[in-house]
Amino acid sequence: VRELTIEGKSGPSAILVGESIENLSEHIKAERTVIVTDENVWDLHGSVFPDGDVIRIGTGESVKNLETVQTVYDELLARGVDRSAFIVGIGGGIVCDITGFVASTYMRGLRFGFVSSTLLAQVDASVGGKNGVNFRGFKNMVGVFNQPEFVICDIDLLKTLPGEEALCGLAEVVKHALIADAGMFAYLEEECEKARRLDPAVTERLVYDSIAIKSDTVNRDEKEAGERRKLNFGHTIGHAIEKTTGAPHGEAVGAGMGAAVGLSVRRGSLEQHKADRIAALIRRLQLPMQLPGDREGIVDALQKDKKREGDRIHFVLLRDIGDAYVAEIPIEEIEDLVRSDP
Ligand SMILES: NC(=O)c1ccc[n+]([C@@H]2O[C@H](COP(=O)([O-])OP(=O)(O)OC[C@H]3O[C@@H](n4cnc5c(N)ncnc54)[C@H](O)[C@@H]3O)[C@@H](O)[C@H]2O)c1
């Protein structure tokens with residue numbers, strides 16, 4: 001087990017890479033534990049959960065809302081859960097987001113932790129202290145910053161993960177390498193096939209390296225005033241693609257990273273041969289590089305981006321593999337890129 005720490009304003013958060021869900025109870029010092037999970041994770045892995053109350057929610061982005069939050073509050077009330085209890089979310093990013101929000105708000109806040117069971121949750125969603133739900137069609141519109149006491153990343157849980165879910169996580173792994181770690185990028189190039197198959201040893205190293213980058217970034221800028229923006233690499237256009245085409249997150253981010261690499265070359269900050277190397281890796285991982293067809297739809301979604309400031313937007317570009325920077329650029333320039341990308 002290797003450990004990384006986030007020093008959050010709300011307290012420290014220990015990220016345990018390679019720990020087993022079977023040791024979960026050892027990390028909880030409370031009389032009562034309440035687990036929140038989803039139907040799939042319960043069916044596949046419920047047998048190794050520790051004894052105690054289990055609250056199950058549905059699956060899919062459409063359940064990540066205040067209604068589900070209320071059903072969990074109802075369950076907690078019905079079971080007489082008070083402030084002495086410890087809440088554990090076991091699941092992917094949706095379970096973690098809901099659990100973190102519920103635990104941070106029920107009775108003004110209970111102690112909580114996560115066991116993340118998807119690659120995306122391990123390398124991204126469960127780490128960093130953002131807990132939120134969607135509201136009126138806007139993603140993660142309502143939420144809180146609050147760090148879980150611990151996050152267990154049990155690589156064994158990923159054995160049951162469907163291929164398309166693995167790709168979503170891999171896109172974030174590539175993102176981390178691109179913005180901060182050229183050595184990790186070279187490792188991904190070497191072990192591309194094993195990474196795609198989620199070979200346990202390769203995956204464990206990639207999860208650790210990803211979290212090292214994310215936790216370091218969050219430690220320097222927990223509330224996203226500057227440095228943390230780099231983690232949005234590929235996501236400005238990626239989110240617009242997701243909204244327009246309903247493409248899975250990994251595919252949308254893959255194409256979004258491709259476009260951001262293209263813009264970095266256009267602006268003269270990244271050399272073409274490095275862009276080619278990046279494109280080759282993204283393709284070998286079987287993530288799309290190309291923007292999908294409905295360009296005007298993507299432009300429209302970009303104009304509605306909640307992170308824009310007037311006619312400009314903070315956009316993450318590359319100087320090199322492993323070296324990102326944030327530039328405030330006119331939305332028009334991104335629109336041009338989207339319209340003209342081959
Ligand atoms: N809080 C943050 O900082 C942050 C960061 C990135 C993403 N997110 C959020 O995370 C969510 C996406 O997370 P996700 O991709 O983990 O989605 P998810 O939670 O929906 O999980 C994907 C699917 O995999 C299933 N699953 C989970 N673990 C499994 C396992 N071990 N084996 C088989 N199936 C399993 C789930 O039931 C679900 O159907 C989005 O809502 C996104 O907004 C949050």
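Values below: every heavy atom of this structure, side chains too, minus hydrogens, waters and symmetry copies.
- Using a 4.5 Å cut-off on side-chain heavy atoms (C-beta onward), Leu206 and Thr203 make no contact.
- Note on Glu242 versus Lys139: no salt bridge recorded, every NZ/NE/NH1/NH2 to OD/OE distance being 4.0 Å or above.
- Side-chain atoms of Tyr106 come within 3.5 Å of backbone N or O of Val81 as a donor-acceptor pair.
- Looking at Arg308, its side chain does come within 3.5 Å of a backbone N or O of Gly310 through a donor-acceptor pair.
- The main-chain N or O of Glu224 is found under 3.5 Å from a side-chain atom of Asp221 such that the two form a donor-acceptor pair.
- None of Arg283, Arg284, Arg277 except one satisfies the salt bridge (Lys or Arg N to Asp or Glu O under 4.0 Å) rule with Glu189; the exception is Arg277.
- Listed by first and then second residue, the salt bridge (charged side-chain N to carboxylate O under 4.0 Å, His left out) pairs that reach into residues 66-79 are Asp53-Arg79, Glu75-Arg79, sequence neighbours excluded.
- Side-chain contact check for Val326 versus Asn232: every heavy-atom pair is 4.5 Å or farther apart.
- Residue pairs meeting the ring-ring contact (aromatic ring centres under 6.0 Å, His included) criterion with at least one member in residues 215-236, sequence neighbours excluded: His235-His239, His235-His249.
- In terms of modelled atom types and a separation under 3.5 Å, the side chain of Thr37 and the main chain of Arg56 share no donor-acceptor contact.
- Heavy-atom contacts from other residues, nucleotides or ligands closer than 6.0 Å to NZ of Lys274 number more than 12.
- Using a 4.5 Å heavy-atom cutoff, the side chains of Thr244 and Glu296 are not in contact.
- In this structure, the side chain of Gln122 engages the main chain of Ser116 through a donor-acceptor pair within 3.5 Å.
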What do the steps show when you test Thr99 against Ile90 for side chain to side chain contact (heavy atoms under 4.5 Å, CB included), and what is the final call? CA-CA 9 Å; Thr99 306; Ile90 305 181; over 6 Å; no
Please assess Val174 against Val253 for the test side chain to side chain contact (heavy atoms under 4.5 Å, CB included), listing each intermediate value before the final yes or no. CA-CA 10 Å; Val174 173; Val253 169; over 6 Å; no
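- Scanning both residues, Arg267 and Ala327, for their nearest heavy atoms gives NH1-CB, 4.4 Å.
- Checking side-chain atoms of Thr68 against main-chain N and O of Val63 turns up a donor-acceptor pair under 3.5 Å.
- Grouping the Ile, Leu, Val, Met, Phe, Trp and Tyr side chains by contacts below 4.5 angstrom, directly or via other members, places Ile152 apart from Val218.
- The shortest side-chain heavy-atom distance between Leu157 and Val115 falls under the 4.5 Å cut-off.
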Please lay out, stage by stage, how Arg196 and Gln286 fare under the test side chain to side chain contact (heavy atoms under 4.5 Å, CB included). CA-CA 8 Å; Arg196 216 160 47 77; Gln286 291 175 5; 3.1 Å; yes
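- A cation-pi contact links Arg205 to Tyr187, judged by a cut-off of 6.0 Å to the six-membered ring centre and 45° from its axis.
- Interatomic distance, CD1 of Ile87 versus CZ of Arg32, reported as 9.0 Å (0.5 Å rounding).
- Residue pairs meeting the ring-ring contact (aromatic ring centres under 6.0 Å, His included) criterion with at least one partner in residues 3-59, sequence neighbours excluded, are His27-Phe150, Trp42-Phe49.
- A distance-only check finds no donor-acceptor pair linking the side chain of Arg312 to the backbone of Ile331 [under 3.5 Å].
- A donor-acceptor pair is defined here as one N or O able to donate and one able to accept, closer than 3.5 Å; no such pair exists between the side chain of Ser210 and the backbone of His176.
- Residues Leu110 and Val133 are members of one and the same hydrophobic cluster, defined by side-chain heavy-atom contacts under 4.5 angstrom among Ile, Leu, Val, Met, Phe, Trp and Tyr.
- For the pair Lys223 and Phe145, the cation-pi test (distance below 6.0 Å, angle within 45°) is passed.
- Interatomic distance, CG of Asn146 versus NZ of Lys130, reported as 14.5 Å (0.5 Å rounding).
- Under the 4.5 Å side-chain criterion, counting only non-hydrogen atoms from C-beta, Ile213 is in contact with Thr217.
- No more than 12 heavy atoms of other residues, nucleotides or ligands lie within 6.0 Å of CZ in Arg108, so this atom counts as exposed by the packing criterion.
- Side chain of Asn134 to backbone of Gly137: no donor-acceptor contact under 3.5 angstrom is found.
- Judged by the 6.0 Å distance and 45° axis criteria, Arg2 is positioned over the aromatic ring of Tyr208.
- There is a side-chain donor-acceptor pair under 3.5 Å between Arg266 and Ser340.
- Nearest approach of Ala275 to Val261, heavy atoms of both residues: CB-CG1, 3.5 Å.
- The main-chain N or O of Lys9 is found under 3.5 Å from a side-chain atom of Glu222 such that the two form a donor-acceptor pair.
- Criterion: ILVMFWY side-chain heavy atoms under 4.5 Å apart, direct or through other members. Under it, Leu77 and Tyr73 are part of a common hydrophobic cluster.
- Here CG of Asn40 is found 9.5 Å from OG1 of Thr160. Values are rounded to the nearest 0.5 Å.
- Here the side chains of Phe135 and Asn65 are not in contact, with every heavy-atom distance at 4.5 Å or above.
- Phe185 approaches Ile278 most closely through the heavy-atom pair CZ-CA, 3.9 Å.
- Cluster membership check: Leu4 shares its hydrophobic cluster with Ile155, using side-chain heavy-atom separations under 4.5 Å among Ile, Leu, Val, Met, Phe, Trp and Tyr.
- In this structure, Leu285 and Cys192 have side chains that are in contact, with non-hydrogen atoms separated by less than 4.5 Å.
- In terms of heavy atoms, Thr245 sits closest to Pro292 at CG2-CG, 3.9 Å.
- The two atoms that bring Leu119 and Ala166 nearest to each other are CD2-O, 3.6 Å, heavy atoms only.
- Counted within 6.0 Å of CD on Glu31, heavy atoms from surrounding residues, nucleotides or ligands total 12 or fewer; the atom is thus considered open.
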Apply side chain to side chain contact (heavy atoms under 4.5 Å, CB included) to residues Phe315 and Leu263 and explain how you reach the verdict. CA-CA 10 Å; Phe315 197 84; Leu263 192 57; 3.7 Å; yes
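- Rounded to the nearest 0.5 Å, atoms CD1 (Ile334) and CZ (Arg339) are 12.0 Å apart.
- Using a 4.5 Å cut-off between side-chain heavy atoms of Ile, Leu, Val, Met, Phe, Trp and Tyr, with links allowed through other members, Ile15 and Leu120 fall into different hydrophobic clusters.
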Taking it one step at a time, do Gln303 and Glu335 satisfy side-chain hydrogen bond (donor to acceptor under 3.5 Å, both in side chains)? CA-CA 9 Å; Gln303 285 167 343; Glu335 292 173 5; 3.0 Å; yes
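- In this structure, CG in Asp276 is found 13.0 Å from CG in Leu281, a value given to the nearest 0.5 Å.
- In plain terms, the two heavy atoms of Ser20 and Asp154 that are nearest each other are CA-OD2, 3.4 Å.
- Contact of the Val88 side chain with the Phe112 side chain is not registered, since no non-hydrogen atoms from C-beta on lie closer than 4.5 Å.
- Rounding to the nearest 0.5 Å places CD1 of Ile211 at 11.5 Å from CD of Glu3.
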